[in-house]
Amino acid sequence: MNRSKILHLLKSEHPVKDVVVRGWVKTRRDSKSIFFLEVNDGSCLENLQVVATGETGNFDIIQKILTGTSVKVTGDLVPSPAKGQRWELLAKKVEILGLTDSSYPLQKKRHSDEFLRTIAHLRPRTNKYGAMFRIRSEASFAVHLFFKERGFYHIHTPILTTLDCEGAGELFAVLEASRDNKQRAPLFDKTLYLTVSGQLAAEMFACSLGNVYTFGPAFRAENSNTPRHASEFWMVEPEVAFCDLHQNMDLAEEFVKSLVLFLLENCKPDLSLFSRFIDPELMPRLESICHLEFERIPYKKAVDILKKADISFSYPVKYGLDLQTEHERYLTENFFKKPVFVYDYPREIKPFYMRVNDDGQTVAAMDLLVPKTGELIGGSQREERLEVLEGQMESAGISKELYGWYLDSRRYGTVLHSGFGMGFERFLMLATGVKNIRDVIPFPRTPGTVLF
RNA sequence: UCCCCAGUAGCUCAGUCGGCAGAGCAGGUGGCUGUUAACCACCGUGUCCGUGGUUCGAGUCCGCGCUGGGGAGCCA
């Protein structure tokens, strides 16, 4: 490494001679014979204050430095005589790596999220988005750590699929194209789609490796225009053999708690930005997620609670109807005031692969509802009985031929198994208090808008 | 896809009753031995989203469109 990271320098226990720092200038302050540069290198939220005095010399160069300029600074890390920071870099030499000009859109002031979305290629240079994407990276690592510690195998499931009805919404079809626009024979004899979920493939691996998970992109062509939906998003999907619905909920609860705990332990400074400027309730909420037991109620009981609620809903509450957003919010935000699993939904409103309960009326499905974000996780025990599954497919109008390989897992040594999917961006919204999914993913894709 | 709200300088926004287009920040020049979104002085900046209409006169009122945001549905 030919540079020191600011993260490490600011944690130093003693002065250090001759360090090299490379980064981007956040702001420059100057008077007649002294310059101050705030330099950020992305290693942490905080900037390093660089001080240039007469001894540094090249003031004519330093004067060209505007917000956004990339620099290399050589100097000594010394205790700062002024308030505001413990350490500062007393520069011996300041070199400009890349100049900027007055058209640089980021300034040393607050910008709106809407504006920053139009410059998503530059927004990670801001405090907020720098923190966001460091947290995203840590959360991603925590996902793998959680499953690794529990003996799960990570499966890379296909992104190109042939199944057009996985019970999870509209799909993007994939067309082959030549760069020269010439006609050519198709490579595949079927239409290919971008996957909406790795679940069906993951089930095959759960029924061989036991405990597996996928963590990859999912694509949905729904015309959803909300702060909680994106056309391309990342999803974590564990799938576990010999696991029933209640053990599935145990796993989901442990998983969410573990991710939050990991962030609290490893991302304190970055999280504090969100609790200070984005959501003052963030820290209490994260703490309560870690410590409170999640509520678990059957769908039927949820309906009873909603019927007795002393507020009037816009949509009717009736056994057999799906819960509306307003109902879910009431349950998690007003009634229980913590994460809530709702399980055993009527079979008519859930996909074909969910296990039919003994009552014949409900399926072993579960949704995890959390305050603010709403539905974070959706999962189920899978229907492992061949005849029942075939019956479910028939009533859903799904081709048994196309799903022949899927049915094989029920034909040969079938086992009880369960799994769930967690929207990774939804989790990040919960973990940071950010209200729009476009602001927790590097280059958001939403209906009608792909800028990058 | 449906409902509601918004669009004014590079950015954040003000603009009263329909009557000459404004401020802060950013940028430029100068000043200041230690600043903390530094400060002080001076300087420039506009398709008022587009389009059609009402009016002597429209940033302001009305219709349509575009873009963005919020709510709903769908879902993770």
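On a predicted model such as this, the values are computed, not experimentally measured, just so you know. Chain letters run A, B, ... following the sequence lines, proteins first and then strands; every chain starts at 1.
Between A/Asn225 and A/Ser102, the residue anchored closer to the 5' end of RNA chain B is A/Asn225, taking for each the nucleotide with the nearest heavy atom. Toward the 5' end of RNA chain B, the nearer of the two residues A/Ser103 and A/Arg329, judged by each one's closest nucleotide, is A/Ser103.
Evaluation of atom-type donor-acceptor distances gives no pair under 3.5 Å for the side chain of A/Ser224 against the base of B/C75. Below the 3.5 angstrom threshold, one finds no donor paired with an acceptor across the side chain of A/Glu222 and the base of B/G73. Between the side chain of A/His111 and the base of B/C11, no donor-acceptor pair under 3.5 Å is found.
Between A/Arg426 and the phosphate of B/C75, there is no side-chain N or O to OP1/OP2 separation shorter than 4.0 Å. In this structure, A/Asn436 reaches the B/G70 phosphate: one of its side-chain N or O atoms is under 4.0 Å from OP1 or OP2. Side-chain N/O atoms of A/Ser33 include none lying less than 4.0 angstrom from OP1 or OP2 on B/C32. In this model, the phosphate group of B/G73 is approached by a side-chain N or O of A/Thr325 to a distance below 4.0 Å at OP1 or OP2.
If you take CG of A/Leu430 and C1' of B/A76, they are 13 Å apart, rounded to a whole angstrom. Whole-Å rounding puts the A/Asn223 CG to B/C2 C1' distance at 11 Å. In this structure, OH of A/Tyr345 is placed 12 Å from P of B/C74, rounded to the nearest angstrom. If you take OH of A/Tyr315 and P of B/C2, they are 14 Å apart, rounded to a whole angstrom. Note: CD1 (A/Ile437) to C1' (B/C74) measures 14 Å, nearest angstrom. A/Asp113 has its CG atom 15 Å from the P atom of B/C11, to the nearest Å.
Among the candidates A/Arg136, A/Arg438, A/Arg228, the single residue satisfying the side-chain hydrogen bond (donor to acceptor under 3.5 Å, both in side chains) test with A/Glu425 is A/Arg136.
For B/U45 and B/A72, the C1' atoms lie 43 Å apart once the distance is rounded to whole Å. Here the separation of B/C66 from B/U47, taken at their C1' atoms, is 15 Å to the nearest Å.
When only modelled atom types and interatomic distance are considered, A/Glu237 and A/Ser197 share a side-chain donor-acceptor pair under 3.5 Å. No side-chain donor-acceptor contact under 3.5 Å links A/Glu326 and A/Tyr315.
Under the Watson-Crick and G-U wobble criteria, each requiring two contacts below 3.5 Å, nucleotide B/G34 is left unpaired. The partner of B/U67 is B/A6, judged by Watson-Crick or G-U wobble contacts that both fall below 3.5 Å. B/G46 makes up no base pair with any nucleotide shown, lacking Watson-Crick or G-U wobble contacts both under 3.5 Å. Base pairing of B/G52: its partner is B/C62, meeting the Watson-Crick or G-U wobble criterion (both donor-acceptor distances under 3.5 Å). With both pairing distances under 3.5 Å, B/U16 is matched to nothing as a Watson-Crick or G-U wobble pair.
At the heavy-atom level, A/Phe233 lies under 4.0 Å from base atoms of the strands shown. Among the heavy atoms of the strands lying under 4.0 Å from A/Glu114 are primed sugar atoms or P, OP1, OP2 only; no base atom is included.
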Can you check nucleotides 34-41 of chain B for protein contacts, nitrogen or oxygen pairs under 3.5 Å, and list what you find?
| unit_1 | atom_1 | unit_2 | atom_2 | d |
| --- | --- | --- | --- | --- |
| B/G34 | OP1 | A/Ser31 | OG | 3.1 |
| B/G34 | N1 | A/Glu88 | OE2 | 2.8 |
| B/G34 | N2 | A/Glu88 | OE1 | 2.5 |
| B/G34 | N2 | A/Glu88 | OE2 | 3.1 |
| B/U35 | O2' | A/Arg29 | NE | 3.3 |
| B/U35 | O2 | A/Arg29 | NE | 2.7 |
| B/U35 | O2 | A/Arg29 | NH2 | 3.0 |
| B/U35 | O2 | A/Gln49 | OE1 | 3.4 |
| B/U35 | N3 | A/Gln49 | OE1 | 2.8 |
| B/U35 | N3 | A/Gln49 | NE2 | 3.1 |
| B/U35 | O4 | A/Gln49 | NE2 | 2.6 |
| B/U35 | O4 | A/Gln85 | NE2 | 3.3 |
| B/U36 | O4' | A/Arg29 | NE | 3.4 |
| B/U36 | O2 | A/Gln85 | OE1 | 3.1 |
| B/U36 | N3 | A/Lys83 | O | 3.0 |
| B/U36 | N3 | A/Gln85 | OE1 | 3.2 |
| B/U36 | N3 | A/Gln85 | NE2 | 3.4 |
| B/U36 | O4 | A/Lys83 | O | 2.5 |
| B/U36 | O4 | A/Gln85 | NE2 | 3.4 |
| B/A37 | N3 | A/Lys108 | O | 2.8 |
| B/A38 | OP1 | A/Thr27 | OG1 | 2.9 |
| B/A38 | OP1 | A/Lys108 | NZ | 2.2 |
| B/A38 | OP2 | A/Thr27 | OG1 | 3.2 |
| B/A38 | OP2 | A/Arg29 | NH1 | 2.6 |
| B/A38 | N6 | A/Asp30 | O | 2.7 |

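Taking the six-membered ring where the residue is Trp, the centroids of A/Tyr193 and A/Phe219 are separated by 6.0 Å or more.
Residues satisfying the salt bridge (Lys or Arg N to Asp or Glu O under 4.0 Å) criterion with A/Lys372, sequence neighbours excluded, are absent altogether.
Evaluation of the salt bridge (charged side-chain N to carboxylate O under 4.0 Å, His left out) test over residues 344-353 of chain A, restricted to residues two or more places apart or in two chains, returns A/Lys350-A/Asp367.
The closest side-chain heavy-atom distance from A/Leu271 to A/Ile135 is below 4.5 Å.
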